[in-house]
Amino acid sequence: MNDFTISLATHELLHHMIQVGGLAVCKLEREASAITANFEVLLEGDTTRVKVLIGDYNGEINLVSGFPSNHIKLRNFLEDIANGRVESGRPRDPLPSALAMTSEDHAKIESVIACGGYRKLATGHVITVHRRPSGGTAMVVSEHSESLLVSGSVNDLLLAVVEHVESHLEA
């Protein structure tokens, strides 16, 4: 595809901004071009509100404070705006509430990544993490797939596992 996307380095910026709040600018790139997104993160108790300006489009997304995947949701929102899916009436379909990851699922993912072992999520996915001094390796098993995701740091594993599980729920 030739969509605008956010780089892995920018994921770190999104993750940081979701935690501390404030104003930031990031690039969304595709093969021959790039656009700039300006956004402001407002930490408001149980809600994290993000105001976005990309070109002439002003948008806003409200996130539940403290969810480890909020930066992924923000990335998806920025990419949807940049690629015209929000204005054109083609935003990503929301997850059905019965299949959405819960805060308990997020806590289980963080726990298994930090300590190793395995956990079963309410979504039916089983997360297995093997810890080594140099990092860990995570495997996610669901009814329809088994995927060796990534080896690396705690943040690499967390990002990859949450993104993988959410992408299977969206499918």
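Transitive grouping of hydrophobic side chains (ILVMFWY, heavy atoms separated by less than 4.5 Å) brings L43 and L13 into a common cluster. Under the 4.5 Å side-chain contact rule for hydrophobic residues, F67 and V41 do not share a cluster. With hydrophobic clusters built from ILVMFWY side chains whose heavy atoms lie under 4.5 angstrom apart, I81 does not share a cluster with L42. The hydrophobic cluster containing L53 does not contain F4, counting ILVMFWY residues as joined when their side-chain heavy atoms lie under 4.5 angstrom apart, directly or transitively.
Using a 4.5 Å heavy-atom cutoff, the side chains of L8 and H11 are in contact. Here the side chains of L28 and E79 are in contact, with some heavy-atom distance below 4.5 Å. Considering only heavy atoms from C-beta on, I6 comes within 4.5 Å of L78 through its side chain. Side-chain contact between L23 and F39 is absent, with no heavy atoms from C-beta onward closer than 4.5 Å.
Other residues, nucleotides and ligands place no more than 12 heavy atoms under 6.0 Å from the CD atom of E104.
A donor-acceptor pair is defined here as one N or O able to donate and one able to accept, closer than 3.5 Å; no such pair exists between the side chain of N62 and the backbone of R49. In this structure, K108 contributes its side chain and K120 its backbone to a donor-acceptor pair below 3.5 Å. Looking only at distances, a side-chain donor or acceptor of S7 sits under 3.5 Å from a matching main-chain atom of T10. Judged purely by atom type and a 3.5 angstrom limit, S65 uses its side chain to pair as donor or acceptor with the backbone of T47.
In this structure, CZ in F77 is found 13.0 Å from CG in N70, a value given to the nearest 0.5 Å. Between E29 atom CD and T36 atom OG1 the span is 9.5 Å, to the nearest 0.5 Å. Taking CG from N76 and CG from L14, the interatomic distance works out to 10.5 Å, rounded to the nearest 0.5 Å. If you take SG on C26 and CZ on R75, they are separated by 12.0 Å, rounding to the nearest 0.5 Å.
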Let me see the working for L74 and I18 under side chain to side chain contact (heavy atoms under 4.5 Å, CB included), right down to the final yes or no.
-> CA-CA 9 Å; L74 176 56; I18 288 290; 4.0 Å; yes
Decide yes or no on side chain to side chain contact (heavy atoms under 4.5 Å, CB included) for T48 and V64, but give the supporting numbers first.
-> CA-CA 6 Å; T48 299; V64 177; over 6 Å; no
Begin from the C-alpha positions of H15 and Q19 and carry the test side chain to side chain donor-acceptor pair (under 3.5 Å) through to its verdict.
-> CA-CA 7 Å; H15 184 73; Q19 292 176 353; 2.8 Å; yes
Derivation of the side chain to side chain donor-acceptor pair (under 3.5 Å) call for T5 and R30 = CA-CA 6 Å; T5 59; R30 64 178 174 196; over 6 Å; no
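For A82 against I54, the heavy-atom pair with the smallest separation is N-CD1, 4.3 Å.
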